[in-house]
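For reference, the structure discussed in these notes is given below.
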Amino acid sequence: MPMQPWFTDAKLGIFIHWGIYAVEGVPESWSFYWGEVPHERYMRQLDGFTASRYDPRAWAELFARAGARYAVLTARHHDGVALWDTAHGDLNAVRRTPAGRDLIAGYVEALREQDLKVGLYYSHSDWNHPDYASVRHPGIDEWPDTYPGGNDANPYSHAEAGKEDPAAWARFLAYRDAQVGELVQRFRPDLLWFDGEWERTEEQWRIGELAELILAENPKTVLNARMLSHGDYSTPEQGVPLQAPDGPWELCLTINDSWGFQHQDHHHKSVRQLVRYFAETIGMGGNLLLDVGPREDGTIPAEQVERLEALGAWIGRHSEAVYGTVAGLPAGHHYGPSTLSADRRTLYLVCFDVPREAVSVRGLRNRVRRVTVLGTGTELGHHVTGGLDAVPGVTWIDAPAEADLDAYATVLAVELDGELDVYRGTGRD
């Protein structure tokens, strides 16, 4: 199936890491995997996961105000704790926590009320399932150690050498397929965001069979790259790539330094930094999947709410340069990111710093018809200097006045006389 057009035009999604790890504020699943927290203590968090103030409609309204077009919720992380009333295994929020109810259904309904696409995260790995650590990745001996005593000492992820149990692994895959089938049939997500793929090979996971199961129920389901050769788009994490991945892609980014809620993590990125991440990502043709970590009661920390709302306000002032656009100029043509209208006739230049005299564009073959400041509509003067034969001159755009500057990033709309045409050569010898 071709990539669903809604995804490439979404630009912003919200990632929600919510699970029992929010009770003590420990790293989600990894804390017991790494040995930072004893497994028994980690699992005692089940008793404190209340979801007592969980309001999925408030979440969805916030995400819409942020300018997001989709969201992805951790339906089941590596710890195996499901947020819905699964019939396959009893490790879920309905039966094992004070929340006592399905936490996915309300989220799905609330997102669709706001016309947001529904994403669900599901980990291939399940470090609590009794049949999971029954086989080994064939390349595990070459991996760097991630567990005290070496990977073979980790009881949660791999069988010891010579002690593999194919029958147990088959049972695990049947359990996984049944849970994924529930999610697809019951909630019909627009996107499934898989994780944990590194622990097995594509053949061990039987990825092809899993993809067939999903797409037979809903052929329009978007799958991320952690479905390996069956993924629809790439998912780099925590840093804007210097070169855009081939095809559709999405940058996963935390607002602070943690995916889930951690009490001690107050290292939140500023609104200006988030605007920069967002503009740089969409300028390279990707989406930003911006993560929030709700508390165990379901409330999103105020610092994260404030940043989402401020980012949404910036997007609202510059929506013309965001939605319905594609990647802009290649690096080197403008000191900042840019986007391009779908008809390729309007270039949107993002200026993070205050322009002193002029904003320059190099290698632009087009004649510029008009330049305006998005958000105020003020028209700016422009002229070209230099150029020789096939090598175009530099287009200079007058710096906007102070009254036209945006607090986080100013955007200039450059209307061209035709589709964008840029020079990429080395100049005259």
Side-chain angles (χ1 to χ4, degrees), residues 9-18 55-73 110-111 114-117 237-240 250-262 265-284 286-295 298-325 336-339 348-355 373-377 400 402-413:
D9 193 44
K11 309 305 180 185
L12 180 66
I14 305 298
F15 213 175
I16 310 122
H17 275 70
W18 191 37
D55 184 351
R57 282 190 170 83
W59 281 14
E61 291 166 1
L62 170 63
F63 303 160
R65 291 198 303 276
R69 297 292 176 86
Y70 66 108
V72 178
L73 172 62
L111 258 58
Q114 293 293 326
D115 199 27
L116 301 177
K117 297 295 185 182
E237 291 186 28
Q238 296 290 57
V240 179
E250 162 195 83
L251 171 65
C252 313
L253 183 76
T254 53
I255 291 182
N256 53 11
D257 292 331
S258 309
W259 296 104
F261 176 71
Q262 294 192 31
D265 187 355
H266 303 292
H267 191 214
H268 294 88
K269 297 171 181 67
S270 68
V271 175
R272 185 169 286 106
Q273 287 174 324
L274 293 175
V275 168
R276 183 181 288 259
Y277 272 110
F278 178 68
E280 289 176 344
T281 299
I282 66 172
M284 295 174 67
N287 291 349
L288 178 64
L289 186 64
L290 188 58
D291 179 75
V292 296
R295 301 179 184 87
T299 57
I300 298 173
E303 300 92 337
Q304 298 186 359
V305 171
E306 291 165 3
R307 284 159 174 77
L308 290 183
E309 291 181 332
L311 176 60
W314 185 88
I315 292 173
R317 293 192 296 273
H318 304 95
S319 59
E320 180 185 325
V322 174
Y323 306 116
T325 64
S338 61
T339 60
Y348 300 98
L349 307 177
V350 181
C351 303
F352 296 126
D353 301 315
V354 177
V373 181
L374 280 195
T376 68
E402 185 175 352
D404 291 310
L405 297 176
D406 186 89
Y408 302 119
T410 303
V411 181
L412 309 182

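Reckoned from all heavy atoms, side chains included, excluding hydrogens, waters and symmetry mates.
Nearest heavy atom pair, residue Pro294 against residue Ile300, reads CG-CG1, 4.1 Å. Smallest separation of non-hydrogen atoms from Ala60 and Leu116: O-CD1, 3.8 Å. Ala409 and Trp314 get closest at one heavy-atom pair: O-NE1, 2.9 Å. The nearest pair of heavy atoms linking Lys11 to Tyr323 is CG-CD2, 4.2 Å. The two residues Pro337 and Ala279 have their closest heavy-atom pair at CB-O, 3.5 Å. Minimum interatomic distance between Gly293 and Pro301 (heavy atoms only, all atoms of both residues): O-CD, 3.4 Å.
One N or O on the side chain of Thr281 and one on the backbone of Tyr277 form a donor-acceptor pair closer than 3.5 Å.
Side chains of Leu62 and Leu308 form a contact here, defined as non-hydrogen atoms less than 4.5 Å apart. At a threshold of 4.5 Å between non-hydrogen side-chain atoms, the residues Ile282 and Asn287 do not count as touching. Side-chain contact between Cys351 and Leu405: absent, with no pair of heavy atoms (C-beta onward) separated by less than 4.5 Å. By the 4.5 Å heavy-atom criterion applied to side chains, Gln114 and Glu61 are counted as neighbours. Put simply, the side chain of Leu289 does not reach to within 4.5 Å of the side chain of Ile14, judged on heavy atoms. Within the 4.5 Å cutoff, the side chain of Val322 has no heavy atoms near those of the Thr339 side chain. Counting heavy atoms from C-beta outward, Leu412 and Leu374 have side chains that stay 4.5 Å or more apart.
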Starting from the C-alpha separation in whole Å, work towards a yes-or-no answer on side chain to side chain contact (heavy atoms under 4.5 Å, CB included) for Glu250 and Leu288.
-> CA-CA 6 Å; Glu250 162 195 83; Leu288 178 64; over 6 Å; no

Residue pair Leu251, Val240: steps toward the side chain to side chain contact (heavy atoms under 4.5 Å, CB included) verdict = CA-CA 7 Å; Leu251 171 65; Val240 179; 3.6 Å; yes

I would like to know whether Ile255 and Val292 meet side chain to side chain contact (heavy atoms under 4.5 Å, CB included); could you show each step before the answer?
-> CA-CA 7 Å; Ile255 291 182; Val292 296; 3.9 Å; yes

Begin from the C-alpha positions of His318 and Tyr348 and carry the test side chain to side chain contact (heavy atoms under 4.5 Å, CB included) through to its verdict.
-> CA-CA 10 Å; His318 304 95; Tyr348 300 98; over 6 Å; no

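For the residue pair Tyr408 and Gln273, no side-chain donor N or O sits within less than 3.5 Å of a side-chain acceptor on the partner. Donor-acceptor pairing under 3.5 Å is lacking for the side chains of Asn256 and His266. Checked by atom type, the side-chain pair Asp265/Ser258 shows a donor-acceptor distance below 3.5 Å.
A cation-pi arrangement is present between Arg276 and Phe352 under the rule of less than 6.0 angstrom and at most 45 degrees off the ring axis.
One distance of note links CZ of Phe63 with CG of Leu12; it measures 10.5 Å at 0.5 Å rounding. We find the CG-CG distance between Leu111 and Leu73 to be 9.0 Å, quoted to the nearest 0.5 Å. Taken to the nearest 0.5 Å, the OG1 atom of Thr376 stands 3.5 Å off from the CG atom of Asp404. To the nearest 0.5 angstrom, Arg307 atom CZ is 11.5 Å from Leu311 atom CG. For the atom pair CZ (Arg272) and CG (Asp406), the distance works out to 9.0 Å, reported to the nearest 0.5 Å. Summarising the geometry, atom CG belonging to Leu253 is positioned 5.5 Å from atom CD belonging to Gln238; distances are rounded to the nearest 0.5 Å.
Taking the six-membered ring where the residue is Trp, the centroids of Trp18 and Trp259 are separated by 6.0 Å or more.
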